[in-house]
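Everything below concerns the one structure shown next.
Since the model is a prediction, treat every value here as computed from it, not as a measurement.
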Amino acid sequence: MRKTLLITCLSNFIFAFSFAQAYKGQLPFAKIPVPSQHYQQEYTFDTTLNVAAWTKQKKNLNISFASTDESYFRSEVPELEKESLSFEGVAWKGERLNAEILVWSPDTINQVRFALSDLKNEKGKVLSKNNMQLNMVRYVVGNYPYGAKDVTCGASPYKNLYLMPDRFETFERFDLPGKTVRPVWLSIDIPATTDAGIYTGTIDVKSENYSAKLNVKLHVQNQVLPKPHDWKHRLDLWQNPWVVAWENNVKPWGEEHKLLLKKHLKLYADAGGKFITTYVVHSPWADNSYMIEGGMIDWIKRKNGSWKFNYKIFDEYIQLAMSVGIDKAITLYTPVPWGFRFRVMDENTGNYVNESWPPDSKKFKEVWNVFLTDLKKHLDQKGWFNKTYLGINENAMDQTLAAIKVIKDHSKKWRITYAGDWHKELDTLLDDYCFLIGKESNVDVVKQRSARGQTTTWYNCCNPPVPNNFVFSPPVEGRWQGWYTAAHKYDGYLRWAYDAWPADPMRDARHELWPAGDCYLVYPGGTSCVRFEKIREGIVDYEKIRILREKASKSADKNVKYLIQQLDMHLETLLSEKDFDTKKIIVDVLKGRKIVEQLSEKLK
């Protein structure tokens with residue numbers, strides 16, 4: 001008995017020792033997620049708060065149109081004021097109209113699929129179903145609850161994570177697990193050649209054991225929205241082309257990368273993107289992106305101490321962006337990189353070295369005068385100089401002014417853009433000034449800048465909490481932004497970033513430092529989302545207001561003048577918005593849209 005006990009204890013000791021022993025390449029088990037058996041397109045371990053609500057739902061498939069202005073959660077019964085199988089919309093020729101369809105069930109439903117039909121008017125004219133597109137809306141991980149207003153530019157104080165509907169995904173059919181919701185996004189692109197009138201059609205919804213018919217009614221007004229390339233709204237979403245190579249594991253600036261970039265940038269162009277983001281220095285923002293922004297111009301210090309600049313990547317990216325229709329402006333970041341860090345290729349050693357040149361230093365003036373001379377010659381040769389801006393971002397006033405002095409002393413013809421708070425000292429020095437919302441000038445200053453031929457835009461970032469474009473922001477805030485742009489007489493809107501993807505952007509929108517969704521508005525594969533489409537809607541509203549104002553200025557119709565007055569009064573109220581109650585701003589946007597619809601009818 002004692003011998004058996006001794007052997008057992010010895011075996012246990014050896015077993016325990018073998019697992020306690022360190023091995024080469026060892027990793028702490030707790031730090032690596034346990035892999036799933038299959039890849040998950042979205043995470044599904046969210047919890048249901050209102051469990052009782054599912055017991056009140058009818059069996060099989062529930063389906064209804066819903067507002068695109070709000071979000072609907074994967075495991076919660078949708079809170080709809082009224083369920084409806086019908087959708088009615090009003091749009092211009094050349095406009096995109098969006099709608100959202102929700103499907104949900106207390107039971108598991110397999111093979112849910114949709115069949116679109118052509119829309120027809122009373123004269124038999126057809127709006128082809130080829131102009132309609134359906135996408136399921138996937139859920140991504142966020143780090144704040146829906147509609148949070150305590151957002152900061154740092155790590156989230158919340159211990160839990162939250163699933164938020166955002167990413168689009170094409171589909172033929174899908175399965176719906178019991179007690180879940182699947183949003184489906186419907187986009188209707190109305191050709192500019194479409195006849196005005198009322199168009200109707202249906203969408204058939206089927207599953208293994210269920211079918212339903214949805215009704216669509218579309219009023220096409222006799223107004224034409226220009227193509228996005230010709231919109232006047234100045235959309236500036238900062239790009240990082242390196243992330244596309246990284247995400248797809250292809251060689252940066254190889255042919256595969258360039259093909260992917262074209263598809264990637266097409267979304268931006270189709271939303272009226274005007275600015276091409278370029279980087280004259282390597283990693284200008286102190287390495288704070290998950291995938292850093294590489295330099296597009298190599299600064300080479302020759303053995304004899306002179307300078308040489310390689311524009312190969314710079315030229316290729318600009319030409320590529322222009323080929324998809326982004327060709328109004330080029331921004332070069334930046335004369336004032338964070339930390340004043342400039343990466344230089346030392347020809348003597350073949351090594352990259354980082355040098356610090358504060359804008360008020362002798363070295364900065366010396367080197368930047370050489371660079372600006374070479375850069376201007378290159379831009380002139382390419383025909384790009386008159387659309388180029390040197391970009392400065394949120395830098396201290398003394399350093400900003402010092403950089404501007406060096407640039408303007410070199411040539412008064414250089415254009416400069418600055419993103420940051422409003423400062424009177426900068427006003428007349430900047431060709432393009434982008435204010436952080438809440439830290440901006442009054443409307444009169446914007447008007448004065450416009451009268452001088454200068455442009456003014458605004459931006460939001462990790463602050464303020466509202467209005468914003470985080471994955472947990474109520475979607476209506478994206479559309480409201482376009483109305484605010486019009487109300488403040490701005491020329492457009494800027495945001496960092498278009499595509500600064502974190503580690504797992506398809507499923508998890510979090511970045512280590514910022515609110516989820518802050519650093520990107522589109523997904524890999526040239527994939528749109530709820531947030532991006534709502535921003536685009538607001539830009540379209542801005543364009544419609546601009547066009548109607550121009551037409552109204554030539555009209556003697558008293559009804560038109562009255563409606564323009566009503567529009568002006570309504571826009572004025574948006575300037576004082578502070579609370580951003582979701583229900584209220586939904587009503588505000590809807591009220592503005594109704595006035596625009598009435599004006600559109602009067603100004604045929």
Side-chain angles (χ1 to χ4, degrees), residues 69 142-144 146-154 156 164 166 233-239 268 271-275 277 285 288-289 331 391 393-394 417-423 432-443 446 455-500 509 511 513-522 529-539 541-542 574-582 585 588-589:
D69 289 332
N143 53 0
Y144 283 85
Y146 181 59
K149 295 183 179 179
D150 55 349
V151 180
T152 66
C153 290
S156 171
M164 298 292 162
D166 191 45
H233 180 278
R234 294 167 68 87
L235 179 63
D236 185 5
L237 303 179
W238 293 6
Q239 310 113 54
Y268 179 43
K274 297 292 184 285
F275 285 78
T277 311
W285 317 130
N288 63 7
S289 299
T331 310
N393 177 48
E394 297 180 341
T417 180
Y418 177 88
D421 297 354
W422 154 247
H423 299 285
D432 181 78
Y433 202 158
C434 184
F435 304 140
L436 176 63
I437 186 172
K439 301 290 184 69
E440 59 218 306
S441 75
N442 58 40
V443 177
V446 178
T455 52
T456 315
T457 60
W458 70 279
Y459 75 104
N460 48 13
C461 51
C462 55
N463 67 86
V466 289
N468 223 303
N469 314 112
F470 309 129
V471 295
F472 52 83
S473 299
V476 68
E477 291 181 17
R479 187 165 193 168
W480 185 92
Q481 290 177 177
W483 286 84
Y484 184 74
T485 306
H488 212 292
K489 310 299 182 187
Y490 285 130
D491 295 290
Y493 169 72
L494 174 152
R495 205 183 201 295
W496 182 88
Y498 181 62
D499 52 13
H511 184 280
L513 300 176
W514 301 304
D518 175 44
C519 52
Y520 68 106
L521 289 169
V522 298
C529 63
V530 173
R531 293 177 296 137
F532 190 74
E533 292 300 319
K534 295 304 289 187
I535 290 173
R536 190 184 189 278
E537 285 180 352
I539 294 170
D541 291 339
Y542 175 97
L574 303 184
L575 296 175
S576 58
E577 180 60 58
K578 301 297 181 187
D579 297 330
F580 290 94
D581 174 76
T582 299
I585 64 173
D588 286 344
V589 170

Item to complete: Mind checking ring pair (Phe, Tyr, Trp, His ring centres under 6.0 Å) for His423 and listing every partner two or more places apart, or none if nothing turns up?
Response: none
Practice prompt. Apply the test side chain to side chain contact (heavy atoms under 4.5 Å, CB included) to residues Gln481 and Asn469: give CA-CA distance (whole Å), side-chain angles for both, the deciding distance (0.1 Å), then the verdict.
Written response: CA-CA 10 Å; Gln481 290 177 177; Asn469 314 112; 3.1 Å; yes
Worksheet item: Okay, side chain of Lys274, backbone of Gly272: is any donor-acceptor separation there less than 3.5 Å?
Response: yes
Worksheet item: Looking only at heavy atoms, what is the nearest atom pair of Ala487 and Leu574, with distance?
Response: CB-CB, 4.4 Å
Discussion item. Nearest 0.5 angstrom please: Asn442 CG to Glu440 CD, how far?
Written reply: 9.5 Å
Worksheet item: Roughly how far, to the nearest 0.5 Å, is CG of Leu237 from CG of Asp499?
Response: 9.0 Å
Worksheet item: If you look at every heavy atom in Ala271 and Phe532, which pair is closest and at what distance?
Response: CB-CZ, 3.7 Å
Discussion item. If I compare all heavy atoms of Leu494 with all of Tyr459, which pair ends up nearest, and what's the gap?
Written reply: O-CB, 3.0 Å
Worksheet item: Regarding Glu577 and Tyr484, is there a side-chain donor-to-acceptor distance under 3.5 Å anywhere?
Response: no
Worksheet item: Are Asn288 and Trp514 close enough that some pair of their side-chain heavy atoms sits under 4.5 Å apart?
Response: yes
Practice prompt. Answer yes or no: is there an ion pair linking Lys534 with Asp69, defined by an N-O contact shorter than 4.0 Å?
Written response: yes
Discussion item. For Gln239, is there any backbone N or O sitting under 3.5 Å from a side-chain donor or acceptor partner on Thr277?
Written reply: yes
Worksheet entry | Pro515 side chain reached by Phe472 side chain, heavy atoms, under 4.5 Å | yes
Worksheet item: Can you tell me if His488 uses its side chain to pair, donor with acceptor, with the backbone of Val446 under 3.5 Å?
Response: no
Fill in: For Pro464 against Leu436, the heavy-atom pair lying closest together
CD-CD1, 4.5 Å
Worksheet item: So, Asp541 and Trp483: side-chain donor and acceptor under 3.5 Å apart, yes or no?
Response: yes
Response to the item:
When every non-hydrogen atom of Ala500 is compared with those of Tyr520, the smallest separation belongs to N-CB, 3.9 Å
Worksheet item: Can you find a heavy atom in the side chain of Pro467 that is under 4.5 Å from one in the side chain of Ile437?
Response: yes
Practice prompt. For Phe470 and Arg495, work out which heavy atoms get closest and say how close.
Written response: CE2-NH2, 3.8 Å
Worksheet item: Do Trp238 and Tyr498 have ring centres separated by under 6.0 Å?
Response: no
Worksheet item: Cut-off 3.5 Å, side chains only: do Tyr144 and Asp150 have a donor facing an acceptor?
Response: no
Worksheet item: Between Arg536 and Glu533, does at least one N-O distance fall below 4.0 Å, as a salt bridge requires?
Response: no
Worksheet item: Nearest 0.5 Å, what's the CG-OG1 distance between Asp236 and Thr331?
Response: 5.0 Å
Worksheet item: Got a second to check how far Ile535's CD1 is from Leu521's CG, nearest 0.5 Å?
Response: 4.5 Å
Worksheet item: Of all residues at least two apart in sequence or in a different chain, which pass the ring pair (Phe, Tyr, Trp, His ring centres under 6.0 Å) check with Tyr542?
Response: His233
Worksheet item: When rounded to the nearest 0.5 angstrom, what is the spacing between OH in Tyr433 and CG in Asp421?
Response: 7.5 Å
Discussion item. Counting only heavy atoms from other residues, nucleotides and ligands, does the tally under 6.0 Å from NZ of Lys439 exceed 12?
Written reply: no
Worksheet item: Hey, mind stepping through Val466 and Ser473 against side chain to side chain contact (heavy atoms under 4.5 Å, CB included) and telling me if it holds?
Response: CA-CA 8 Å; Val466 289; Ser473 299; over 6 Å; no
Item to complete: Compute whether any side-chain donor of one residue and acceptor of the other, for Arg531 and Asn468, lie under 3.5 angstrom apart.
Response: no
Practice prompt. Any chance you could measure Tyr490, atom OH, to Cys434, atom SG, to the nearest 0.5 Å?
Written response: 8.5 Å
Worksheet item: Are any side-chain N or O atoms of Arg234 and backbone N or O atoms of Thr456, one a donor and one an acceptor, separated by less than 3.5 Å?
Response: no
Item to complete: Please answer whether the main-chain N or O of Ala516 pairs with a side-chain N or O of Asn143 as donor and acceptor at a distance below 3.5 Å.
Response: yes
Worksheet item: Quick one: disulfide bond (SG atoms under 2.5 Å apart) partners of Cys461, sequence neighbours excluded?
Response: none
Discussion item. Determine whether a donor-acceptor pair (N or O, by modelled atom type, separation under 3.5 Å) exists between the side chain of Tyr268 and the backbone of Leu235.
Written reply: yes
